[in-house]
Chemist: 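The structure follows.
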Amino acid sequence: MRVPNPKAHPHHESGRVLISPTGEIDVATVHSLRTALAQCLHDGVRTIDVDLSAVTFCDGRCLGVLLASWWRITAAGGTLRLHHPPPVLLRMIDITRSGFLLGDRPAPTLPAALGGVL
């Protein structure tokens with residue numbers, strides 16, 4: 001998978017960036033996505049859009065990175081939104097009820113996400 005360097009893309013004054021990974025996101029490549037998302041947050045970007053239209057395959061590790069990044073970004077007052085996820089990722093999102101990544105469901109509160117247990 002190739003993830004463009006977020007620093008290579010000009011950040012709008014609003015602090016928004018688009019990341020567009022290509023190819024497969026799996027155990028061998030997911031670190032690139034994790035690094036790109038973390039770099040955006042480190043650089044002060046608080047609105048991150050991830051266009052997955054060029055992703056040909058992804059596994060559960062991809063969803064794990066996206067969810068972990070979503071928690072960090074929203075905790076910092078930002079938003080992470082997925083666009084054009086492949087069907088397999090849509091299925092994982094549906095099963096895990098994490099549609100808030102797509103903006104079509106309300107985001108859970110932390111206690112609700114943990115089943116009400118703190």
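The model shown is predicted, which means the values in this text are computed figures rather than measured ones.
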Chemist: Tell me, do Ile25 and Asp59 make a side-chain contact under 4.5 Å, heavy atoms counted?
Modeler: no
Chemist: Could you work out, with side-chain hydrogen bond (donor to acceptor under 3.5 Å, both in side chains) as the rule, every residue matching His84, not counting sequence neighbours?
Modeler: none
Chemist: So if I apply the side-chain contact (heavy atoms from CB on, under 4.5 Å) rule between Ile48 and each of Thr79, Leu80, Leu18, which one comes out positive?
Modeler: Leu80
Chemist: State, with a plain yes or no, whether a side-chain heavy atom of Leu63 is found less than 4.5 Å away from one of Leu89.
Modeler: yes
Chemist: Determine, stepwise, if the pair Asp49 / His83 fulfils side chain to side chain contact (heavy atoms under 4.5 Å, CB included).
Modeler: CA-CA 7 Å; Asp49 294 292; His83 303 276; 2.9 Å; yes
Chemist: Answer yes or no: is there a side-chain heavy-atom contact under 4.5 Å between Leu41 and Arg72?
Modeler: yes
Chemist: Just verifying a value: how many Å separate Asp43 CG and Gln39 CD, rounded to the nearest 0.5 Å?
Modeler: 4.5 Å
Chemist: Which heavy atom of Leu101 sits nearest a heavy atom of Leu66, and at what distance?
Modeler: CD2-O, 4.1 Å
Chemist: Which atom pair, heavy atoms only, marks the closest approach of Leu67 to Phe100?
Modeler: CD2-CZ, 3.8 Å
Chemist: SG/Cys62 to CD/Glu24 distance, rounded to the nearest 0.5 angstrom?
Modeler: 11.5 Å
Chemist: Name every donor-acceptor pair, under 3.5 Å, that has one atom in a side chain of residues 50-58 and the other anywhere in the protein, sequence neighbours excluded.
Modeler:
residue: Asp51; atom: OD1; partner: Ser53; partner atom: N; Å: 3.0
residue: Asp51; atom: OD1; partner: Ser53; partner atom: OG; Å: 2.9
residue: Asp51; atom: OD2; partner: Ser53; partner atom: OG; Å: 3.4
residue: Thr56; atom: OG1; partner: Gly23; partner atom: O; Å: 3.4

Chemist: To the nearest 0.5 Å, what is the distance between NE2 (His31) and CZ (Arg61)?
Modeler: 13.0 Å
Chemist: Do the side chains of Ser69 and Val65 get nearer than 4.5 Å, heavy atoms only?
Modeler: yes
Chemist: With no hydrogens and no angle check, is any side-chain donor or acceptor of Thr29 less than 3.5 Å from a backbone partner on Asp26?
Modeler: yes
